[in-house]
Each structure stands twice: as structure tokens, then as C-alpha cells.
Amino acid sequence: SGFDRGSLRRGCDRLGHVSDRTTSEPPNAPPDPVENDIAALFRLPLPAFIAARNDLAQALARAGRDDSAARVRALPKPSVSAWVVNQLFWQRRDAFEALLDAGEAFRQAQAAQLAGAPSDLRGCLDRRRDAVSTLLSGARPILAEADHRPTPELLRRITTSLEALATYGRHGGGPPPGRLIVDAAP
């Protein structure tokens, strides 16, 4: 079977984020085995991304998996800020899960308040802010190890992406954590 350009378009959102479902398969279809290989690309040091992506695409093409090879070949290198957020997801999973939990609690508190029920919006917002702060403190050593300066602008972009991911939470429609290509926007 040949490469279906439509599957590539469905595999990325408007910002180029790679989704968990990259084909037109039904939602209950088994996951594409290349997904683990794609996830591994986003765990690599940023300078290694392009070479590893190209190696994976070539290996898939040699194995006759042209559609997967084309999908992998189309993956752009993440921005530095997106890469740092990806590393936080892969290296600090407990803290990242706490961020997603705090985002979910905040959404539930907002919904309760809109429905007229009492809720602790401030407490939920404080939890989310603390989770972002914890992850942001983990970003500094990642940046240092990769020889990137933690400039105010870079830290702002990382913070914004973390806040956006907390807003999206585990619900569909948001950029997949650990696979950002560009900054996530709420």
C-alpha cells in the first residue's frame, strides 16, 4: 500500500503536534507499532533528533513501511522550549502527572462554580501554579545540560506550554505531552 497524504494531515494538528492516532484507523484499532519509535525520538537530546529521525525513516522504508517512513520523515525538529517540556514529561513524570491532575481539579472546580456549587478555585489554582513551578525548576538543569541558557523568554515559553498542557489535561484535542514540536498554546 502507498503513502496516504491524508493520514499525515490527520496525524498532526494545526500547530504540527503529532497525535497519538496518526492514521484513519478506528479508535479501537491496535496502536501503530512505530508509535514507540516516534516517542523515543522525542526523548533524545535535541541535536540528535534529525539524524535519529532520518535513520528511523530509512529503516522503516527498508522494511517496506513506506507510509510510516513518510510520517516519520515529516516530523520537524522541536523548538528548544518544546523539547524542554518534552524532557520534563519523560524525565519528571510524577511532577508532570501532578500538573495534569491539578489542571483537572481546576476544571472541575470551575464547572462546579458555574453550576452554583461551592468550589475551591483558589486552592486548585495554587496547586496548578505550584506544579508549574516545580516543573519549571526542573527545566533549568535540562537546559544547562544541553548548553542552553535559561533566558526569561525561554522560561516564559516553557511556562506557557506547561500551563496550556494543564488546561488541556488528559482530554482529547490538546497537544500530546512528550511530543511537542512547537510551544503549546491554551
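For residues 77-96, the set of pairs meeting the side-chain hydrogen bond (donor to acceptor under 3.5 Å, both in side chains) definition, not counting sequence neighbours, comprises S79-S81, S81-R157, S81-D183, Q87-Q91.
Minimum interatomic distance between A57 and A69 (heavy atoms only, all atoms of both residues): O-CB, 3.3 Å. Of all heavy-atom pairs spanning F96 and L165, the tightest one is CZ-CD1, 3.6 Å.
Note on D130 versus R127: no salt bridge recorded, every NZ/NE/NH1/NH2 to OD/OE distance being 4.0 Å or above. Ion pairing of R179 with E35 is present here, as a side-chain N (NZ or NE/NH1/NH2) and a carboxylate O approach within less than 4.0 Å.
F89 and F42 have their aromatic ring centers separated by at least 6.0 angstrom.
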* **Criterion side chain to side chain contact (heavy atoms under 4.5 Å, CB included) on R73 and L60, from CA distance to verdict** => CA-CA 10 Å; R73 203 174 295 112; L60 290 166; over 6 Å; no
* To do: Assess whether side chain to side chain contact (heavy atoms under 4.5 Å, CB included) is satisfied between Q58 and D55, documenting all intermediate values.
  => CA-CA 5 Å; Q58 287 174 354; D55 290 346; 4.2 Å; yes
* Asked: Between L99 and T134, does a side chain to side chain contact (heavy atoms under 4.5 Å, CB included) hold up when you go through it step by step?
  -> CA-CA 9 Å; L99 173 70; T134 297; over 6 Å; no
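Paired with I158 under the rule side-chain contact (heavy atoms from CB on, under 4.5 Å), one option of V80, I142, L143 passes, and it is L143. For the side-chain contact (heavy atoms from CB on, under 4.5 Å) test with T159, the passing option among L135, V132, L154 is V132; the others fail.
Remark: E104 pairs with R107, Q108, H171 by the side chain to side chain donor-acceptor pair (under 3.5 Å) rule, at least two apart or across chains. Applying the ring pair (Phe, Tyr, Trp, His ring centres under 6.0 Å) test to F106 and every residue at least two apart in sequence or in another chain returns nothing.
A distance of 10.5 Å separates OG of S161 from CG of L88, quoted to the nearest 0.5 Å. From L56, atom CG reaches atom CZ of R71 across 9.5 Å, with rounding to the nearest 0.5 Å.
Counting only distance, with no hydrogens or angles, the side chain of Y168 and the backbone of A185 share a donor-acceptor pair below 3.5 Å.
Hydrophobic clustering (side-chain heavy atoms under 4.5 Å, transitive across Ile, Leu, Val, Met, Phe, Trp, Tyr) groups I50 together with L180.
You'll find the side chain of R170 reaches within 4.5 Å of the side chain of E97, heavy atoms only.
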